[in-house]
Amino acid sequence: MRSNRAAVRAGVSMAATLPLLAGALALGIPAAHAATGPSRHTLAGTKPAWATAKADKGAASDSSQVSARVYFAGRDAAGLAAYAKAVADPASASYGKYLSAEQTQARFGATKAQVAEVTSWLKSAGLKVTGSTQHYVSVTGDVAAAEKAFGTQLHNYAKGGKTYRAPAGSASVPAALNGAVLTVTGLDNAPHKATHNDTLPPPDAVFRNAGPFSSYYGSNTASTLPDAYGKKIPYAVQGYTGKQLRAAYGAGKHTGKGVRVAITDAYASPTIAFDAASYAKKHGDAKYSTSQLRQVLPGTYTKTEECGAAGWYGEETLDVEAVHAVAPGANITYVGAASCYDDDLLDSLSKIVDGHLADIVSNSWGDIEANQTPDLAAAYDQVFQFGAVEGIGFYFSSGDNGDEVANTGTKQVDTPANSAWVTAVGGTSLAVGKGDKYQFETGWGTEKAALAADGKSWTGFPGAFTSGAGGGTSKTVAQPFYQKGVVPSALAKANGTTAMRTVPDIAAIADPNTGFRVGQTQTFPDGSQQYSEYRIGGTSLAAPVIAAVQALAQEARGGKAIGFANPSIYAKYGSKAYHDVTDNPKGSGLAVARVDFANSFDASEGLLISVRSLGKDSSLSAVKGYDDVTGVGSPASGYVSSFSRH
């Protein structure tokens with residue numbers, strides 16, 4: 001399960017304690033017609049790569065409306081990036097010397113004078129200021145005013161069968177602002193939104209798994225079904241619980257006590273308090289203490305139909321229940337965005353950083369790299385760098401469509417997981433055996449074949465690719481320092497002669513066929529709202545599981561924040577801290593049998609029986625050492641304790 005990103009600002013946030021007993025960088029070319037007069041500073045990356053001469057449909061109407069955000073560069077953008085790197089690098093003398101949110105803003109944030117100067121300039125250009133934070137000024141106005149302000153014409157361009165507005169050249173700002181502006185977003189109006197691509201239908205309509213099941217991997221053999229890979233195969237597990245996942249990833253006696261974990265998604269489930277408490281009670285997880293689960297929500301929600309708001313309820317439910325199941329002592333703060341669009345998701349991330357609401361942030365949403373424009377990437381990276389300076393680590397799911405070729409026709413990674421300043425979490429298929437013993441993992445990649453009509457074979461075995469962990473090599477983000485010497489050159493330079501960011505960094509359970517059991521209030525066919533449970537997967541599961549494991553690790557080091565974890569994660573590469581995950585840990589093909597209700601609810605319309613192969617992730621492969629399905633591997637029994645030595 002994985003959650004997608006438009007341009008309405010979130011309203012005033014409201015923090016509420018839940019009553020848990022209640023129910024390649026595309027740089028734009030300056031336009032020839034850009035404003036003359038005083039010198040200007042070009043904002044590289046503000047012209048989207050898709051705004052080409054061939055796609056140009058002519059000038060946008062002068063009276064059309066534009067909503068934009070102008071982000072501040074702050075006092076010292078280069079210094080911010082340098083300090084963010086230093087405090088995260090175990091080899092640095094500044095390692096772990098975090099600043100408070102107030103210190104970070106005072107040292108690197110925009111000055112009052114910069115904010116005033118930028119605001120005054122925008123108003124003088126004929127734009128209306130609609131909002132202001134310590135990170136940006138939001139403005140509206142017509143195309144003519146926007147063109148005057150940003151020194152470029154706005155044209156209409158064909159993109160994906162539709163037409164969108166975008167700058168004809170890179171935007172610019174007056175040089176007299178002395179570098180106060182980082183970037184501007186919103187000049188193009190193509191959708192910039194996140195999705196939660198996953199294997200389940202929207203949770204507002206009930207979904208149930210059909211049996212038979214295995215209670216642990218291999219406990220129930222499908223003896224009456226055809227062989228796969230020359231042998232009988234087990235039925236899919238009913239869904240692992242926290243006890244099994246804690247054992248698999250070496251939790252030991254650690255619970256994450258005292259550690260703060262935040263979760264960001266869009267919107268908010270109205271039944272999360274009841275669902276989370278019910279799930280914990282049913283599966284033996286620790287009861288939530290008062291204020292252990294909180295929500296920070298916007299005053300209003302927008303684009304609820306466009307974003308499929310109800311479809312995000314299951315995302316929040318999965319994330320909250322997975323974190324609590326693996327780290328039952330951690331405090332959880334859910335920060336919901338006003339919509340699934342980038343501006344609102346950025347606001348949620350900024351709330352966490354500005355208020356230091358947590359040390360660990362789980363994010364199970366994203367989009368394809370082709371949809372991420374450099375202006376937005378700069379805005380995201382600034383938030384992540386501010387977080388790193390404060391000792392906050394961000395964890396993003398790597399995607400559920402493998403190399404994205406089947407989904408988009410182009411091999412690419414997902415964003416924001418491609419950022420050099422976040423931990424990208426890939427996915428595995430997990431086998432936990434009798435007595436909660438870890439058996440093996442493969443890279444998550446599923447091929448599916450249906451049972452033939454005569455019940456004697458699998459049609460077209462092993463079948464077509466359906467889903468798998470996202471990964472690969474970025475076309476826009478350079479290789480970060482921590483990947484050098486670990487990521488094979490063939491992967492880092494997959495797109496050319498320059499080493500680039502490779503995804504993911506680390507991995508955990510994601511395959512929905514070896515997935516996690518989740519409990520949620522859903523709408524039944526008779527219209528009633530009832531709590532029920534189902535098995536779920538996706539890198540939307542892997543991200544909160546890794547976030548929870550990080551909470552255990554932070555507790556193990558005495559509660560001191562781990563912060564941006566990638567330098568530490570790669571420093572442990574090749575050690576006993578990881579399971580080195582490969583696609584064929586048993587030397588031959590692996591698969592499970594899965595039985596589903598045809599109507600997703602009950603057997604009244606029949607059953608669908610299929611075989612799901614493990615370790616078949618599009619063109620990506622989990623091999624010995626670092627790979628672009630599982631990164632350095634998954635946490636082993638020594639991972640959590642390894643942080644106690646820092």
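These values consider heavy atoms only, across backbone and side chains, with no hydrogens, waters or symmetry-generated copies.
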Is any side-chain heavy atom of Asp505 closer than 4.5 Å to one of Val632?
no

Distance-only donor-acceptor check, side chains Ser467 and Asp400, under 3.5 Å:
no

Quick one: does any side-chain atom of Asp319 pair with a main-chain N or O of Pro544 as donor and acceptor, under 3.5 Å?
no

Verdict with supporting geometry, Val425 and Ser398, side chain to side chain contact (heavy atoms under 4.5 Å, CB included):
CA-CA 5 Å; Val425 183; Ser398 68; 6.0 Å; no

Among side-chain atoms of Asp347 and Ser350, is any donor-acceptor pair under 3.5 angstrom?
no

Nearest-0.5 Å distance, CD1 of residue Ile392 to CZ of residue Phe564
13.5 Å

Check the orientation of Tyr531 and Phe274. Use parallel for under 30°, tilted for 30 to 60°, and perpendicular for over 60°.
perpendicular

Any Gln554 side-chain heavy atom under 4.5 Å of Phe643 side chain
no

So which heavy atom on Glu447 is nearest to which on Pro462, and how close?
OE1-CG, 3.2 Å

Lys231 atom NZ, neighbour heavy-atom count above 12 within 6.0 Å
yes

If you define the side chain from C-beta out and look only at heavy atoms, does anything of Lys243 sit under 4.5 Å from Asp436?
yes

How far does CD of Glu315 sit from CD of Gln520, to the nearest 0.5 angstrom?
10.5 Å

Going by the angle between their ring planes, with limits at 30° and 60°, are Phe516 and Tyr279 parallel, tilted or perpendicular?
tilted

Non-hydrogen side-chain atoms of Ser339 and Tyr301 separated by less than 4.5 Å:
no

Val611 and Val592, any side-chain heavy atoms less than 4.5 Å apart
no

Cationic N near anionic O, under 4.0 Å, Arg557 to Asp359:
no

Between Tyr235 and Asn513, is the side chain to side chain contact (heavy atoms under 4.5 Å, CB included) condition met? List the steps.
CA-CA 9 Å; Tyr235 283 107; Asn513 303 294; over 6 Å; no

Please say whether more than 12 non-hydrogen atoms of neighbouring residues, nucleotides or ligands are located less than 6.0 Å from NZ in Lys281.
no

What do the steps show when you test Gln522 against Ser532 for side chain to side chain donor-acceptor pair (under 3.5 Å), and what is the final call?
CA-CA 7 Å; Gln522 301 181 89; Ser532 62; 2.6 Å; yes

State, with a plain yes or no, whether a side-chain heavy atom of Gln550 is found less than 4.5 Å away from one of Tyr395.
yes

Sub-4.5 Å side-chain heavy-atom contact between Ser604 and Asn599:
yes

Go through the side-chain N and O atoms of Ser278 and Asp275 and say whether any donor and acceptor fall under 3.5 Å apart.
no

What is the ring orientation for Tyr380 with Trp365, classed by angle as parallel under 30°, tilted 30 to 60°, or perpendicular over 60°?
tilted

Would you check, one step at a time, whether the test side chain to side chain contact (heavy atoms under 4.5 Å, CB included) holds for Thr302 with Asp344?
CA-CA 9 Å; Thr302 63; Asp344 292 325; 3.9 Å; yes

Within the 4.5 Å heavy-atom criterion, are Ser613 and Leu590 side-chain neighbours or not?
no

Hey, what do you get for CG (Asn584) to OG1 (Thr442), rounding to the nearest 0.5 Å?
8.5 Å

Report the residues that fulfil side chain to side chain contact (heavy atoms under 4.5 Å, CB included) with Ala262, sequence neighbours left out, ordered by chain and then residue number.
Ile352, Ala358, Val361

Decide, yes or no, whether a salt bridge links Glu321 with Arg517 under the criterion of side-chain N to carboxylate O below 4.0 Å.
no

From Ser214, Pro234, Ser215, residue fulfilling side chain to side chain contact (heavy atoms under 4.5 Å, CB included) relative to Asn220
Ser214

Distance in Å, Phe465 CZ paired with Ser618 OG, rounded so as to fall on 0.5 Å steps:
4.5 Å

To the nearest 0.5 angstrom, please state how far the CG atom of Leu293 sits from the CD1 atom of Ile272.
6.5 Å

Do Val432 and Tyr240 pass the side chain to side chain contact (heavy atoms under 4.5 Å, CB included) test, and can you show the C-alpha distance, the side-chain angles, and the key distance before you say yes or no?
CA-CA 8 Å; Val432 179; Tyr240 293 126; 3.7 Å; yes

For a quick check under 3.5 Å, do Thr446 and Trp444 share a side-chain donor-acceptor pair by atom type?
yes

Using 30° and 60° as the class limits, which term best fits the ring planes of Tyr438 and His579: parallel, tilted or perpendicular?
parallel

Hey, what do you get for CD1 (Ile562) to CG (Asn566), rounding to the nearest 0.5 Å?
12.0 Å

Pair Tyr639 and Tyr249, ring centroids less than 6.0 Å apart:
no

Can Asp602 and Arg208 be counted as an ion pair, charged N to O under 4.0 angstrom?
no

Can a donor-acceptor pair be found, under 3.5 Å and without considering hydrogens, that links the side chain of Arg594 to the backbone of Phe213?
no

Specify whether Tyr217 and Phe440 have parallel, tilted or perpendicular ring planes, treating 30° as the upper limit for parallel and 60° as the lower limit for perpendicular.
perpendicular

